[in-house]
Amino acid sequence: MGLSKTIWATPSELLRTQQPENPVMFFSPAVLQATAKVFIEGFPGFVTYAVKSNPDEMVIQNLVAAGIRGFDVASPHEIAMVGRLAPGAALHYNNPVRSRSEIAFAVAHGVKSYSVDSHSELAKLAEQVPVEGCEISVRFKLPVAGAAYNFGAKFGATVELAAELLAEVARLGYIPSLTFHPGTQCTDPMAWDSYIRAAADICRVSGVKARRLNVGGGFPSHRLNDVVPHLDAIFALIDRVSTEAFGADRPQLVCEPGRGLVAESMTLAARIKAIRDDNHVFLNDGVYGGMTELPMIGIIDRAEVISPDGIRRSGEGRDRTCFGPTCDSVDRLPGELTMPSDAEEGDYLVLHGMGAYSTATNTRFNGFGEMTIATVLSLH
Ligand SMILES: *Cc1c(COP(=O)(O)O)cnc(C)c1O
């Protein structure tokens with residue numbers, strides 16, 4: 001497909017003129033920068049971006065242009081890339097398990113903020129990370145409901161262990177801070193409430209005043225037509241509860257959204273390869289491609305169907321079972337997706353809010369997964 005033009009007006013302009021045979025991810029820099037401004041202006045603290053959710057260089061560049069000055073990085077590759085694209089930005093190495101060579105790489109690249117959730121990993125950091133000006137945040141977890149899946153299943157110290165670790169961090173001479181991740185796609189602001197209160201308890205038990213509290217990612221994106229996320233309500237709750245829990249010792253706040261920042265800026269178009277027996281819809285993209293996350297987090301129903309002439313199908317809604325292109329029977333979208341009854345083979349299924357955990361986890365399984373990213377002025 002000849003993508004000679006670099007910026008398109010809308011997805012349907014590209015679909016009509018190019019009729020792409022492979023999936024296309026449409027990127028709106030304007031939407032990304034507007035979402036970044038919502039966080040920068042609304043969040044009561046320092047906003048960093050969780051690079052893993054979408055590490056595309058255009059994404060990083062547009063976040064820098066919008067004023068994002070901090071990045072949550074998890075690997076030497078992310079450290080090097082952000083160091084190149086956002087020189088001078090703060091790098092928070094918040095993957096709590098690192099090899100000794102990864103730690104050496106981070107120290108050499110000027111990383112000054114690390115997270116930790118175990119005594120053994122703290123000892124590893126202390127061997128190499130200079131004390132002067134370096135922050136170590138203790139990551140803790142609670143048994144919590146309200147997230148699409150549980151981030152505490154892999155990382156995070158219990159409250160008791162976190163208190164020990166925080167005291168140890170302070171004793172070693174590092175800047176002591178706390179961090180947590182409430183889980184991803186938390187539509188209920190209460191997901192943050194108990195975590196912030198537990199953070200204050202950890203400070204009281206350990207006798208250490210935390211410099212900063214990183215309230216994680218987990219900010220929701222708009223996935224279902226009927227569930228509109230309210231970032232303002234979440235920001236307000238975080239602000240209020242931090243003051244209630246910590247009083248005069250309130251730490252500086254940090255957040256590290258991935259999904260909440262980037263999801264809305266990308267829209268995915270997948271072509272309908274076949275509609276079998278007026279029931280099953282086969283797409284040229286699926287769970288091994290840009291839709292990897294849907295079986296774990298749930299379907300996105302913000303869908304349109306566009307004909308090859310760029311016309312939006314408007315038939316009455318009909319529930320369809322959708323499959324991806326590979327020969328693996330797991331390659332199926334969860335539940336059913338409502339599509340207009342006049343959708344046809346050769347049309348494009350267009351899904352909005354697809355910018356997070358999609359381009360980065362796209363595979364080439366079974367020879368599929370060739371995906372283009374096209375920049376658009378408007379996603380609608
Ligand atoms: C993945 C991750 C994030 C981003 O999570 P979202 O739910 O996408 O906002 C933030 N912090 C850490 C430590 C992560 O691993």
Side-chain angles (χ1 to χ4, degrees), residues 32 35-36 38-40 42-43 45-56 59-60 63 68 70-75 77-79 82 90-98 102 106 111 113-118 121 135-142 144 146-157 162 177-189 191-192 195 199 212-223 229-231 234-235 238 253-266 292-294 296-298 300 353-361:
L32 181 62
T35 313
V38 169
F39 272 90
I40 292 169
F43 181 75
F46 184 52
V47 180
T48 68
Y49 172 59
V51 173
K52 80 169 183 295
S53 59
N54 190 325
D56 194 279
V59 168
I60 308 293
L63 289 174
I68 296 290
F71 293 86
D72 163 38
V73 289
S75 59
H77 182 84
E78 290 184 355
I79 291 168
V82 177
L91 299 180
H92 296 174
Y93 195 173
N94 283 348
N95 180 344
V97 179
R98 314 159 187 86
E102 287 170 339
V111 174
S113 179
Y114 299 80
S115 71
V116 79
D117 65 359
S118 74
E121 291 301 299
E135 169 184 61
I136 295 185
S137 302
V138 175
R139 177 155 168 185
F140 69 98
K141 66 174 171 190
L142 298 176
V144 86
Y149 66 68
N150 178 12
F151 262 58
K154 184 162 178 189
F155 294 132
S177 292
L178 284 169
T179 184
F180 63 83
H181 194 296
T184 201
Q185 186 66 14
C186 298
T187 42
D188 182 356
W192 279 268
Y195 267 98
R212 299 204 287 187
L213 172 63
N214 183 331
V215 299
F219 299 88
S221 65
H222 188 191
R223 300 177 66 86
H230 294 288
L231 291 175
I234 296 172
F235 297 154
I238 290 171
L253 298 177
V254 180
C255 67
E256 50 187 15
R259 179 191 308 288
L261 244 180
V262 78
E264 194 60 27
S265 70
M266 290 193 182
T292 318
E293 236 208 1
L294 300 187
M296 282 175 281
I297 309 289
I300 286 184
M354 286 292 294
Y357 308 106
S358 51
T359 58
T361 49

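First listed ligand is number 1; within each ligand, the first listed atom is number 1.
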List ligand 1 atoms under 4.0 Å from [X], heavy atoms only on the residue side.
X    : result
A50  : 3 (C), 4 (C), 10 (C)
R259 : 6 (P), 8 (O), 9 (O)
K52  : 1 (C), 2 (C), 3 (C), 14 (C), 15 (O)
T184 : 6 (P), 7 (O), 8 (O)
R139 : 13 (C)
D72  : 10 (C), 11 (N), 12 (C), 13 (C), 14 (C)
G258 : 4 (C), 6 (P), 8 (O), 9 (O)

Strictly distance-based, threshold 3.5 Å: is any side-chain N or O of [X] a donor or acceptor partner for the main-chain N or O of [Y]?
X    : Y    : result
N54  : G355 : yes
R259 : T184 : no
S265 : L32  : no

For ligand 1, is [X] a contact, meaning one of its heavy atoms is under 4.0 Å away?
X    : value
P257 : yes
F155 : no
A356 : no

Partners meeting salt bridge (charged side-chain N to carboxylate O under 4.0 Å, His left out) with E264 (sequence neighbours left out):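 E264 satisfies salt bridge (charged side-chain N to carboxylate O under 4.0 Å, His left out) with R302 only.
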Under the salt bridge (charged side-chain N to carboxylate O under 4.0 Å, His left out) rule, collect the residues that match up with E102, sequence neighbours excluded.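 Checked E102 against salt bridge (charged side-chain N to carboxylate O under 4.0 Å, His left out); zero matches.
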Tell me whether the rings of F219 and F39 are parallel (<30°), tilted (30 to 60°) or perpendicular (>60°).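 Ring orientation, 0 to 90° scale: perpendicular.
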Give a yes or no on whether a salt bridge exists between R139 and E121, defined as a side-chain N under 4.0 angstrom from a carboxylate O.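 Looking at E121 together with R139, the answer is no, because their closest N to O distance does not fall below 4.0 Å.
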With heavy atoms under 4.0 Å as the rule, classify the contact between L261 and ligand 1 as side chain, backbone, both or neither.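 The answer is neither; L261 stays 4.0 Å or more away.
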Backbone, side chain, both or neither: what part of K154 comes under 4.0 angstrom of ligand 1, heavy atoms only?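 Answer for K154: neither.
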For ligand 1, find out whether one of its N or O atoms is nearer than 3.5 Å to an N or O atom of [X].
X    : value
Q185 : no
Y357 : yes
E256 : yes

Between [X] and [Y], what is the shortest heavy-atom contact and its length?
X    : Y    : result
Y114 : N94  : C-OD1, 3.9 Å
N95  : A74  : ND2-O, 3.3 Å
G353 : I300 : O-CD1, 3.5 Å

